[in-house]
Amino acid sequence: MTPGFLRLATSEGVPRRSMVTALVVGSILTAINQGDVILAGSTPSFYKIALNYFVPFCVATYGAVSMRRTMLKRGGGAAEGC
């Protein structure tokens with residue numbers, strides 16, 4: 001039986017890699033979507049900025065969990081150390 005989503009999402013390495021991905025992608029998206037507002041000295045939309053970081057974190061986590069589930073179903077023990 002494969003472990004649950006939450007267990008795999010919090011397993012070794014997943015949160016850290018997802019956070020790094022979110023920081024890189026979120027910063028790029030913020031620059032693209034809110035850069036003109038920030039450079040103009042106006043107050044940016046903070047919920048949009050938060051989403052620029054939250055969505056890539058969720059996508060990276062989901063991708064990692066999906067890969068680990070696939071590896072575990074195939075009998076690959078290497079999924080735990082990925």
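Heads up: numbering here begins at 1 and tracks the sequence.
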Requested in this report: Answer with yes or no whether the hydrophobic clustering places Val20 together with Leu23; edges join I, L, V, M, F, W, Y residues whose side-chain heavy atoms lie under 4.5 Å apart.
Outcome: no
Query raised in the report: Is Val14 linked to Met19 within one hydrophobic cluster, defined over Ile, Leu, Val, Met, Phe, Trp and Tyr using a side-chain heavy-atom separation of less than 4.5 Å?
Result: no
Query raised in the report: CZ/Arg74 to CZ/Arg69 distance, rounded to the nearest 0.5 angstrom?
Result: 15.0 Å
Requested in this report: Output the rest of the hydrophobic cluster of Leu29: all Ile, Leu, Val, Met, Phe, Trp and Tyr residues reachable through side-chain heavy-atom contacts under 4.5 Å, sorted by chain and number.
Outcome: Val25
Query raised in the report: Taking only residues two or more places apart in sequence or in another chain, which ones pass side chain to side chain donor-acceptor pair (under 3.5 Å) with Thr21?
Result: none
Please report, to 0.1 Å, the donor-acceptor pairs under 3.5 Å made by any side chain of residues 35-60, with sequence neighbours excluded.
from: Asn52; atom 1: ND2; to: Thr30; atom 2: OG1; distance (Å): 3.3
from: Asn52; atom 1: ND2; to: Lys48; atom 2: O; distance (Å): 3.4
from: Tyr53; atom 1: OH; to: Ser27; atom 2: OG; distance (Å): 3.1

Query raised in the report: With no hydrogens and no angle check, is any side-chain donor or acceptor of Ser11 less than 3.5 Å from a backbone partner on Leu8?
Result: yes
**Report entry** Residue pair Pro3 / Leu72: nearest heavy atoms and the distance that separates them
**Finding:** CD-CD1, 3.5 Å
Query raised in the report: Taking all atoms of both residues into account, what is the closest heavy-atom pair of Arg68 and Arg17, and its distance?
Result: NH2-NH2, 3.3 Å
**Report entry** Within 6.0 angstrom of Phe5 CZ, more than 12 heavy atoms from elsewhere
**Finding:** yes
